[in-house]
Chemist: 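Got a structure for you, questions after.
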Amino acid sequence: MAQSVKGMRDLFGAELRWFQHIEETARRVFGRHGYGEIRTPILEELDVFKRSVGESSDIVNKEMYQFTDKGGREVVMRPENTAGVVRAAIQHKLLINADPVLLYYIGPQFRYERMQTGRYRQFYQIGAESFGVATPESEAESLLMLHSFLTELGLKHLVFSINSVGTPESRPAFHAAIRAFFAQRADQFCEDCHRRLQSNPLRVLDCKNVKCQQALEGHPILTDHLDEASARHHARLKALLTDLGIPFTEDPRLVRGLDYYTRTAFEVLSSDLGAQSALLGGGRYDGLVKQLGGPDVPAFGWAIGLDRLAMVLQQVRGEAPRQAPALLVPLGERAATEALKLARSLWEAGVALQLETRGGALKKALASANRLGIQTVLILGDGELETGTVAVKHMATGEQETWPLAEVTARLANS
RNA sequence: GCGGCUGUAGCUCAGUUGGUUAGAGUACUGGAUUGUGAUUCCAGAUGUCGCCGGUUCGAGCCCGGUCAGCCGCCCCA
């Protein structure tokens, strides 16, 4: 039997309904914040990711679906969407005037890696990016939007975990501090941390190894090594979040994996998710646009994984809500003709209705309705045709009533 | 990329030291009720035991390989 490629999966049924509900909620919430959608190609030139995500990261090193196309171009199936959005914004000159540019995206991303539950080689992300504003207020706006989004999806107990990773100018001083600290107790850290210390010293801070976390006791604090402007920025964001009543904690060990982050970095944790695993992450990336050949424009954004989010919603809220249409069941050939006509007028009036076209026994139709979760069944037989009515059975209660044909549209529209 | 585990009906799973025709629950189909579901009763159908090879008189069971999934690591969403 043919089956899907490793790490790729088909979405349908109950799980897809959560995806759709999440996407609808995102479009509604983001839209009212003034964000517009952008859809970028799945394929980008290799260079776009090398210059943004960072050559030292595993994403670029070993997790990209990368190949040479028939024209000899080195292309990559995007492993994340921020770089593509930035590339597009530069290419279409969206960032050349003073107005902020607010964009969101929804789409598949690809990483060639070992898979586990909730982690796929084709996965889906929703993200929002704000270009052109460097203020803490713009971050608060973005986080507020994110908070609405998650709250309207029914997630509770959200905690925003924030930190500041400083600027490219202030970071060398911190790197020196962390190296000095590390040197005093180098034997207590794992091999990976020794490697990280060379490639990306910040990442030593969020090693998952318990021993390393213990050894980090008393480590230098990023926010103690900020330049004055970054420190003010960080303090202002915290004050805003406090005023807005958005619960947050400061996590001095929070750093993000991608190279392009500056100042604010954050994650959202949900106790609904069980343990420590973050639901989403993001932050400020002021240098990225320029790095990719655009103007020197600040930016802030975040991305959330739909696969994981859908899984959490399934856990805390159960089955995705579904709107089952009514079912119209004709009995006999003459009724079948009339049923098509009736269904047509109902459809044209915007009523959600499924039509039984198999022509079998009524009990089969009712059994189907029961399986499909249909609440209302309209029955049209000879008796109803004579009197110009339909029999209406409510599946939940088993009760049945009679509606005049002329009232069917209005009554279904109200139910 | 590294380490461990699993794969039997649509789904959840049993299956003895290797032994005849591979089972249960659930779901499904038909009937009891030719115009009334979900409950009940009766009857029925259902499998390349993931795949390929090996050992054996004999393999769902043992061995090798392979594919897929799960868990941990790396990394991240």
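So you know, we letter chains A, B, ... as the sequences are listed, proteins then strands, and number each from 1.
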Chemist: Please state how far atom CD1 in A:I304 lies from atom P in B:rA77, giving the value in whole angstrom units.
Modeler: 11 Å
Chemist: Is there a donor and acceptor pair closer than 3.5 Å between the side chain of A:R119 and the base of B:rC70?
Modeler: no
Chemist: Should the side chain of A:E113 and the base of B:rA77 be counted as holding a donor-acceptor pair, with the cut-off at 3.5 Å?
Modeler: yes
Chemist: B:rC67, OP1 or OP2 - any side-chain N/O from A:K6 closer than 4.0 Å?
Modeler: no
Chemist: Looking at the base of B:rU36, is there any donor atom on it, or on the side chain of A:K393, that sits under 3.5 Å from an acceptor on the other one?
Modeler: yes
Chemist: How many whole angstroms separate atom OH of A:Y112 from atom C1' of B:rC74?
Modeler: 16 Å
Chemist: I need the CZ-P distance between A:R111 and B:rG1, as an integer number of Å.
Modeler: 17 Å
Chemist: Please give the distance between the C1' atoms of B:rG65 and B:rU20 as a whole number of Å.
Modeler: 31 Å
Chemist: Okay, side chain of A:R78, backbone of A:P108: is any donor-acceptor separation there less than 3.5 Å?
Modeler: yes
Chemist: So if I take every side-chain heavy atom of A:L331 and compare against B:rU36, B:rG35, B:rG69, which nucleotide ends up nearest?
Modeler: B:rG35
Chemist: On a whole-Å scale, what distance lies between the C1' atoms belonging to B:rA9 and B:rU26?
Modeler: 11 Å
Chemist: Grab the two heavy atoms, one from A:E44 and one from A:G84, that are nearest each other, plus how far apart they are.
Modeler: OE2-CA, 3.6 Å
Chemist: Counting only side-chain N and O atoms of A:R371, is one of them less than 4.0 Å from OP1 or OP2 of B:rC28?
Modeler: yes
Chemist: If you count heavy atoms of other groups shown closer than 6.0 angstrom to CZ of A:R28, is the number above 12?
Modeler: yes
Chemist: With hydrogens left out and only the distance checked, is there a donor-acceptor pair under 3.5 Å joining A:E63's side chain and the base of B:rG1?
Modeler: no
Chemist: Would A:R9 pass as a cation-pi partner of A:Y120, given that its NZ or CZ must be under 6.0 Å from the six-membered ring centre and within 45 degrees of the axis?
Modeler: yes
Chemist: Using whole Å, what does the distance between atom P of nucleotide B:rC70 and atom CE of A:M311 come to?
Modeler: 10 Å
Chemist: Counting the atoms with a prime plus P, OP1 and OP2 as sugar-phosphate, which does A:D307 contact under 4.0 Å by heavy atoms, base, sugar-phosphate, or nothing?
Modeler: nothing
Chemist: Check whether more than 12 heavy atoms from other residues, nucleotides or ligands sit under 6.0 Å from atom CZ of A:F160, and answer yes or no.
Modeler: yes
Chemist: Return one dot-bracket line describing RNA chain B 5' to 3' (Watson-Crick or G-U wobble pairs, both distances under 3.5 Å; ( ) same strand, [ ] crossing, | another strand, . none).
Modeler: (((((((..((((.....[...)))).(((((.......))))).....(((((..]....))))))))))))....
Chemist: For the side chain of A:F123, counting heavy atoms from C-beta on, which of B:rU36, B:rC70, B:rA77 is nearest?
Modeler: B:rA77
Chemist: Would you mind reading off the distance between A:L372 atom CG and B:rA38 atom P, rounded to a whole angstrom?
Modeler: 14 Å
Chemist: Let me spell it out: for each of A:S4 and A:L366, pick the nucleotide of RNA chain B with the closest heavy atom. Which residue's pick is nearer the 5' end?
Modeler: A:L366
Chemist: Both A:L280 and A:A391 contact RNA chain B. Which one's nearest nucleotide lies toward the 5' end?
Modeler: A:A391
Chemist: A:R114 side chain: which of B:rA77, B:rG4, B:rU33 is closest?
Modeler: B:rG4
Chemist: Contact between A:Y285 and A:E129 at the side-chain level, heavy atoms closer than 4.5 Å - yes or no?
Modeler: yes
Chemist: State, with a plain yes or no, whether a side-chain heavy atom of A:R32 is found less than 4.5 Å away from one of A:V29.
Modeler: yes
Chemist: Do the rings of A:F30 and A:Y104 sit parallel, tilted or perpendicular, given the 30° and 60° boundaries?
Modeler: perpendicular
Chemist: Would you say A:K364 reaches B:rG30's phosphate, i.e. side-chain N/O to OP1/OP2 under 4.0 Å?
Modeler: yes
